[in-house]
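Written out below as structure tokens is the structure these notes cover.
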Amino acid sequence: MSQPPARLPMEWIAASLKRERTRAGLSLSELAKRAGVAKSTLSQLEAASGNPGVETIWALAVALGVPFSALVEPPTQSLQVIRAGEGPAVASERADFVATLLSASPPGARRDIYHIRAEPGTARESAPHIPGTVEHLIVGSGKVKAGPLGEGVELNPGDYATYRGDVPHAYEALLPGTTFVLVMQHV
């Protein structure tokens with residue numbers, strides 16, 4: 001088995017649990033009962049301690065009526081990069097399985113998915129897309145510089161980045177044989 005990825009910051013889970021439990025109007029006892037977890041475990045999680053597995057987080061998400069991602073997604077920024085082997089990862093308690101959330105689809109969003117092949121040379125500059133567009137990029141091979149004009153970041157195989165697509169942005173292959181998956185999310 002390879003080295004497990006960095007542990008998911010408990011502060012994210014704690015803040016998300018408190019937010020979603022409050023939104024649902026549930027007490028610690030009621031949520032623990034609905035999720036089938038000990039109240040002490042839930043209390044520890046909301047205090048940003050403990051080490052929950054994917055099963056515990058999933059049970060809490062189901063009990064709260066929210067997607068799994070609502071409890072583990074990191075706070076958003078204008079440009080977000082997740083390097084290969086990094087990111088919010090949660091290991092299974094029962095199997096050699098690690099889930100790394102890269103992005104959750106917000107309600108009402110439409111996504112278009114593209115596989116891009118690019119070679120070094122001139123950067124592909126893109127005019128802004130419709131308002132609310134967000135782009136997600138995962139590098140498969142080579143190296144690419146991508147992001148809003150003036151904020152582009154170099155990405156290697158396995159790296160993930162997300163940024164606004166409703167501002168001028170660009171993609172530039174830095175190595176021959178560069179490929180990446182581009183997901184355009186229109187809200």
Would you say the side chain of [Y] lies within less than 4.5 Å of the side chain of [X], judging by non-hydrogen atoms?
X	Y	value
Glu30	Arg21	no
Thr162	Glu135	no
Met184	Arg111	no
Pro176	Pro120	yes

Ignoring hydrogens and geometry, is there a side-chain-to-backbone donor-acceptor pair from [X] to [Y] under 3.5 Å?
X	Y	answer
Ser126	Ala170	no
Thr22	Lys18	yes
Ser16	Trp12	yes
Thr179	Arg117	no

Over 12 non-hydrogen atoms of neighbours within 6.0 angstrom of CZ in Arg19: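 Yes, CZ of Arg19 has more than 12 neighbouring heavy atoms, counting only those of other groups under 6.0 Å.
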
How long is the gap from [atom1] on [X] to [atom2] on [Y], to the nearest 0.5 Å?
X	Y	atom1	atom2	answer
Lys145	Thr178	NZ	OG1	14.0 Å
Leu182	Ile116	CG	CD1	5.5 Å
Asn51	Met10	CG	CE	7.5 Å
Ile138	Ile113	CD1	CD1	9.0 Å

Co-members of Leu174 in a cluster of I, L, V, M, F, W and Y side chains, linked at under 4.5 Å: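 None; Leu174 is a cluster of one.
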
side-chain contact (heavy atoms from CB on, under 4.5 Å) evaluation trace for Ile13 with Ile57: CA-CA 9 Å; Ile13 294 174; Ile57 297 170; 3.6 Å; yes

Tyr163 vs Glu151, side-chain contact (heavy atoms from CB on, under 4.5 Å): CA-CA, chis, key distance, verdict: CA-CA 10 Å; Tyr163 48 87; Glu151 295 181 49; over 6 Å; no

Any residue meeting side-chain contact (heavy atoms from CB on, under 4.5 Å) with Asp166, in chain and number order, not counting sequence neighbours: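 Only Arg164 meet the side-chain contact (heavy atoms from CB on, under 4.5 Å) criterion with Asp166.
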
Chi angles and distances behind the side-chain contact (heavy atoms from CB on, under 4.5 Å) call for Leu31, Leu60: CA-CA 7 Å; Leu31 177 55; Leu60 289 165; 4.0 Å; yes

Under 4.5 Å between side-chain heavy atoms, hopping through other hydrophobics if needed: is there a path connecting [X] to [Y]?
X	Y	result
Val81	Tyr171	yes
Val134	Phe180	no
Leu17	Val66	yes
Leu26	Leu45	yes
Leu175	Leu155	no

Salt bridge flag under 4.0 Å for residues Glu172 and Arg124: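 No, this pair does not count.
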
Contact summary for Val139 and Leu137, nearest pair of heavy atoms: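 For Val139 and Leu137, the tightest heavy-atom pair comes out as CG2-CD2, 3.8 Å.
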
Which atom of Pro157 lies closest to which atom of Ser141, heavy atoms considered: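 Smallest heavy-atom distance, with atoms named: CG-CA, 4.0 Å.
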
Working for side-chain contact (heavy atoms from CB on, under 4.5 Å), residues His186 and Asp112: CA-CA 8 Å; His186 309 285; Asp112 302 325; 3.0 Å; yes

Option from Lys143, Arg83, Glu154 for which side-chain contact (heavy atoms from CB on, under 4.5 Å) with Asp159 holds: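 It is Arg83, the one option of Lys143, Arg83, Glu154 that forms the side-chain contact (heavy atoms from CB on, under 4.5 Å) with Asp159.
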
Ring centroid separation His129 to His169 under 6.0 Å: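 Under 6.0 Å, so yes.
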
